[in-house]
Amino acid sequence: TDFETILTESADGIAVITINRPKALNALNQQVLEDIATAAEQFDADDSVKAIIITGTDRAFAAGADIKQMAELDFATAFKTDFFAGWSRLTAVRKPTIAAVNGFALGGGCEVAMMCDILIASEKAKFGQPEINLGVLPGMGGSQRLTRAIGKAKAMDLCLTGRMMDAEEAERSGLVARVVPHDELMDEARKIAATIVSKSRIASAMVKEAVNASFETTLQQGLLFERRLFHSALATNDQSEGMAAFVEKRDPDFTDT
Ligand code: HXC
C-alpha cells in the first residue's frame, strides 16, 4: 500500500515505518494517524514481519499533534469524534514495536514513542510535553504513560513547565532504553529488531502481553497471568526446540509454532 505521510519498507522480518512530513517537523495530523495505524496493522497481520520500527525524518521524530489542524477544533467535534482515540490501534499491535527517536519527540510525538515497546534515542533526540504552552494538556497518554515511565516528579516537571528533556536525561529517567550516536540510530534499531526476529514470535508476543499487563493489574493478578502464559508456552514447539538446543549446545531454530 502507498501512504501519503509515511514511508514503509520491510525485509528480513523487520518492518520500518518512517513518518515523513519533514516540512512540518512530522506533525501528526489525522492522515498521519490513519497511515501509521493502517501500516502497523498490515505489518502485524503479515507473517513475514516479526518486529516493527517507527522512526522520523530529518530533525523530528514528531513535533506533536498538528497544531494548525487542532486550532480549528471545538469541543463538540472533538468529543463526538473522540479525537485521537484512534491511536489505540497502534497499541493493539501484537508484534514488538521499537521507536527510534531521531529528533524532536514532543507532545503527541513523545506520546506515540511511548506507545511503542522499546524506545531508543539518538543523542539529538529531545522529549517533552509542551501542550501547557498552548493552553491545553497532553491528550494521547502523556500524563499517564510518561508518569508510569519516569514517575510523578519528572512527569509533573515536564508537563507543567513544557520544557524539553535531552536524550541523556531521558535515559537516566527511564523513558528510553538506549542512547546512541545519531548516525548509528537506525543500525541499532535494526540490530534490536533482528535480535527479536531470531526469537520465537509466540514467546515475544507473550513477553509483550505480560509486561503490558503489569501496567493494568495488581501484582497478584499480574503474576498469575504471567505464570499461566508460562504454562501455555510449554505447549509450543518453540519451547521444545529452545530447550533442546540449549541441552545440545546449538543455536535454536524457532518456527513460530
Ligand atoms: C504543526 C508544526 C508543529 C506542530 C512544528 N511545525 N511543529 N506544525 N504542528 N506540532 C511546523 C512549524 O509551524 C514550521 O512550519 C515548521 O514545522 C518548522 O518548525 P519551526 O518552529 O520553524 O522550527 P524550530 O524553530 O526549529 O522549532 C522547532 C520546535 C517548534 C521547537 C519543535 O516547531 C515547536 O515548538 N513546535 C510545536 C511543538 C508542540 O507544541 N507540540 C505539541 C503539540 S500539542 P512553517 O510552515 O511555519 O515553516 C499535542 C497534543 C497531543 O501534541 C494530544 C492531542 C489530543
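Atoms considered below: every heavy atom in the structure, side chains included; atoms not considered: hydrogens, waters and symmetry mates. Order of appearance sets the numbers: ligands from 1, and atoms from 1 within every ligand.
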Enumerate the protein residues lying less than 4.0 Å from ligand 1, judged by heavy-atom distances, in chain and residue-number order.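 The answer is Lys23, Ala24, Leu25, Ala27, Arg59, Ala63, Gly64, Ala65, Asp66, Ile67, Lys68, Met70, Phe84, Phe104, Leu106, Gly107, Gly108, Glu111, Pro130, Glu131, Leu134, Gly139, Met140, Met164, counting any residue whose heavy atom sits under 4.0 Å from ligand 1.
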In terms of heavy-atom contacts, does [atom1] of [X] have more than 12 from other residues, nucleotides or ligands at under 6.0 Å?
X: Glu226; atom1: CD; answer: no
X: Asp2; atom1: CG; answer: no
X: Lys208; atom1: NZ; answer: yes

Under the salt bridge (Lys or Arg N to Asp or Glu O under 4.0 Å) rule, what pairs show up with a residue in residues 6-24, not counting sequence neighbours?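 Qualifying pairs, neighbours excluded: Glu9-Arg190, Arg21-Asp66.
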According to the salt bridge (Lys or Arg N to Asp or Glu O under 4.0 Å) rule, which pairs have a member within residues 83-105, sequence neighbours left out?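 Sorted result for residues 83-105: Glu34-Arg89, Glu41-Arg89, Arg94-Glu209.
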ring-ring contact (aromatic ring centres under 6.0 Å, His included) partners of residues 222-251, not counting sequence neighbours, each pair once: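 Every candidate ring-ring contact (aromatic ring centres under 6.0 Å, His included) pair involving residues 222-251 fails, so no pair, neighbours aside, qualifies.
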